[in-house]
Every structure is written in C-alpha cells, then in structure tokens.
Amino acid sequence: MLIRLRGGRVIDPAHNRDAVDDVFIDDGRIVASPAKGREPDEIYDVRGKIVMAGAIDVHSHIAGYNVTMARLLMPELPALAARKGVPIAPTPAAWSAFATGLRYAEMGYTTVIEPAVIPTHAIEAQRELSRIPIIDVGGLVILGNDDFTLGLLRDGAGANEIEDYVGWTLAHSKCLGIKLINAGGSAAFKFNARTFGLDDEVPAYGVASRTILQGLQRAVTALGVPHPIHVHCNNLGVAGNIDTAVATMEAAEGLPMHLAHIQFYGYGDEGPKGLSSAAPRLAEAIKRHANISVDIGQVLFGQTLTLSADILRQFDGRRAANPHKWEIIQGEGNGTGIVPYKYRAENFVNAMQWAIGLEIMLLADDLWRVLFSTDHPNGALFVRYPEIIHLLMDRDERARLLDRVPLEARELCNLPGIARELTLSEIAIVTRAGPARRLGLADRGHLGAGAIADVAVYTDQADKTAMFRSADLVFKNGRRVVEDGAVVDISWGQAFQVAPGFDTAIERKLARFYDRYYGVTPSSFGVPGTIAARPDRFQTVPCLS
Ligand SMILES: [Zn+2]
C-alpha cells in the first residue's frame, strides 16, 4: 500500500534535510517518489506540520527484574497513567508493559532500548519486552560484576576467552549490546566496600575496576558489536565525580565507548556547598574524545523512583528515599537497588542537577554524540520528555523554572548565561538520528529511501511540551498507530539482538561453573528463540567487520 504524507516540513538531519516536501511509504518502508502514474492508496495532508522519523530511546528502564521489583515497592507511582483515556483494552495498570508501549507511541517514539538486562533474568526481561506493544525494543546485558568475568580477569584469561564469554552472553540473553555498571563496585559492595573508584580493586579477586572496563570494552570492540560498550561509571552522584568521568573517557584509549546518564557525573566540588557545575569541563572532554558518546540522564522536578544495578551507590542513596522505603538486592552479578525519590526545585542539589543536565546538552559541540535521555525513571519519567525538549528549545521556559530554584544554585550554575535554543533539527538529532547511529540501527532514525517507515507528525507550536506530548500521527512500519495523540491500532514490534558468535569451549567452562556454584546448567537461564508471540521477533543486527 502506497501512502503519501503531503506537504509537511520534513526534518531529517541524517540527510541534511529541513524543507517542505512529501514523504512516501510503501509496504512499510520509506520510498523515494513513486513511479509516474502510480497513485497513492492513502493521502494525509500534513501541510503546516512537522514530519520526523520515529524517535529512539537509547536508555530507558522498561522491563525486567529490576523494574518488577520497583513496581512491587512503589505501585502507587503514577508512572504511566493514561493522559486522556486509553481507547484500547486492556486498561493498563500504571506501570504495565502495555501502558509503556502506548505512552511512548503517543509521543512519536518507535524504538526503545532497555539498558540493564541481568543475564540470569534475561528470560524475564525479554518476555516482558515482548509484551510492550507498538515499539521495537532491544536489551543491553550487564557484565562486569559477575563472578565469571572477575574470575577470567583474575586468572589472566586471554582476550579471545573474554570475547567468547561476551559473545556467549549476548547469544544467551539475545541482547543488542553490553552494559557495564560501576565495574566491580557491586562485587566489592558484597565485601562491604562503600566507595569504589576506577583504580580500586575488587576484594578477593584483586581485579581493578579499570581492568574490567578495558577488558570488556576491548572484547565488545573486537567482536564488532555496533553499539559501543554502554558504561555506567563509578562514583555516580558524588560531588567531584567529573574527575571519574574524564578518567573513564581517557581509559577508553580512543576505542568507542558510550557513557550513560552523564548528568550524574557532571559534578564539581567547588563553591560554598561543595557542589558545582562541571558541565563546561564535561562538554569540553566530550568534544576532545571523538570516540565517546553520552546520554544525558536529565532530571526534572517531581516524584519518581531511582532504580539501578549500582547497589553500592543505591545503598548510599537510601537515606534520601522519599517516600521512606527502599530495597537493595545483592543478586548474582549486580543485583538491584530501588530508592523512591522526589526532585524538588527548592532543593539546592536537585536544582544544580537539573541545571547541569541542560548545560551539558546546550554546551555540546557535537550533538550526534550527546543523546537525549532521563535514564527513565531515574531522572524523570519518560512521559515527561516533552517538558525537557521544551526547556532545550526555549530560553524563556528555562528562565521560568530558574525563578523557582534557590538563589545560590542560580548563581553557581551556568544556565542563566546560556542563550542557545536547540532547533527542531537538533532535537531530531538527539532523539532520532544520533541514537540510531550509535546503536548501529541503520534502518531507522531517518527518512531516507529504504528506512523503516517509522514516522511521527507534530503540530508546530510555541508550547513544545504540548507539541511533543501528543503526535498528530505516528506510523510504525508504515501502519498508522497514533492519531491526534491517541493510540488507534495495536501492533507488535520486534527485538534486536547481535550474534557475534563464540568458541564453544567457553560453554564447557560455563557448564562446570554453573554446576559447581548453582547446581543448574546455564541453559536454564538462556532466552529461547521462541519466547515471543511471533517467531520473527528477534532481528539480528549485523556486526561490524
Ligand atoms: Zn540507567
């Protein structure tokens, strides 16, 4: 079926395109102008509207064990409650997988990456991901605090063996990439460490955090996994941790690396309260390291819940729990820490966090490497993305909120002096083209011929919150799924994985390890190919050669 979106302002930074034009969709793909004489089956008049590719979220906690534990701890969090009623049964609970797909689609999002799949809980995560409608999904699987990785590094395993283990873990979990969370920190926490830096060693193993970081990064790079190793650095949230972020970039030694929710590492320790904005230094460091990409992890004022496999930092954060309840689970590998949190504009630290995130993005030299995120739900719930886009695009909107924050924060941060307002093209880079490129998903994030027909249409208006909260039209694989901000059709997407392969010798070693410590076989935890409703649900993204 041929669809024509007629006369919209097409914003497609991957092709340097910002012009009034038609977009054609044929059989689920974007096509160039159809052959002469061929009439569209459907025409949508989008004159005066903005047309973009479907948005892509590079880091959002939407499924798996840690999300389940968060739901159990705080079912009252009105995370994803319907804004305007849900037209299609079943009525979603506030936190449900079903609601996740609907709320994302309404905003024009069509692909979302879950960044913290625990290898031994991968089945649960993939099963739940498969129940999120409309959007395509992918998982990043966590390594680096698990005893098998630490054992390999302690025993001086060769690069090949580490690559085999990484390849096996990707196959076992059917994930798109590798996530590293406070490398060695959760393992050290179990030996009662309460701080853990890049050069600290995991007790009993004698392996430094830097060794884990570099060992896994090299394996991911050597295997040609398109998405670089996705790193949650040490010392999250600690004043002065800008040094950790910069040291981590240096430790990458020019190889590709993605640093998650970088706002939480933009902290200097200067000023009367020992907390200052290191956003300028961070922006400069990102500029200097062309191998590094980041996502922001922007904070917004309001109630949310922090959820992280960095149990060492979450244990420290438990004192600030609001409401006062929390859980720390020392699972295999990383475990999970859940701490409800309310960011308040009147709070000096929260105000600084809010300003620092915006500063990093507004000071960015190359937005293709500075991607949009809130680390949902950690910085803010994903349903609040439109408010952040508004702040990035509108200096007056920032001034309005700056009036609410304490004077000392206003004086210490750089935000009041930043005039930059991101353009629609730049928003399309940080929410579409940039994430697609960094994830290695060549068929999306743009509107070139051959791309998947994931398309969002918005009404351009001064109130960017209203604009991006509610897409006029969203097409998923060429199928119209949203109209006037409401889901009108439920489709089911696919999950991405990479499959770099591995030497099967690692399986024998893993079988002995699992048998000795758990009394089960590794296959008990492996994600079967038919976990989802449709057999073609897992799509393998090719590795780089
Ligand atoms: Zn995260």
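No experiment lies behind these values; they were computed from the predicted model shown. Read the numbers this way: they start at 1 and go in the same order the structure lists the ligands and their atoms.
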> Can you tell me which residue pairs pass the salt bridge (charged side-chain N to carboxylate O under 4.0 Å, His left out) test with a partner in residues 298-310, sequence neighbours excluded?
none

> Does Lys190 have more than 12 heavy atoms from other residues, nucleotides or ligands lying within 6.0 Å of its NZ?
yes

> Would you say the side chains of Thr149 and Asp146 form a donor-acceptor pair under 3.5 Å?
yes

> Cut-off 3.5 Å, side chains only: do Tyr104 and Ser60 have a donor facing an acceptor?
yes

> State, without any angle test, whether Tyr341 and Asn378 hold a side-chain donor-acceptor pair at a distance under 3.5 Å.
no

> Under 2.8 Å from the Zn ion (ligand 1), which protein atoms of type N, O or S occur, listed by chain and number?
His59 NE2, His61 NE2, Asp375 OD1

> Using the side-chain contact (heavy atoms from CB on, under 4.5 Å) rule, pick out the option among Ile135, Val482, Asp136 that qualifies with Lys476.
Asp136

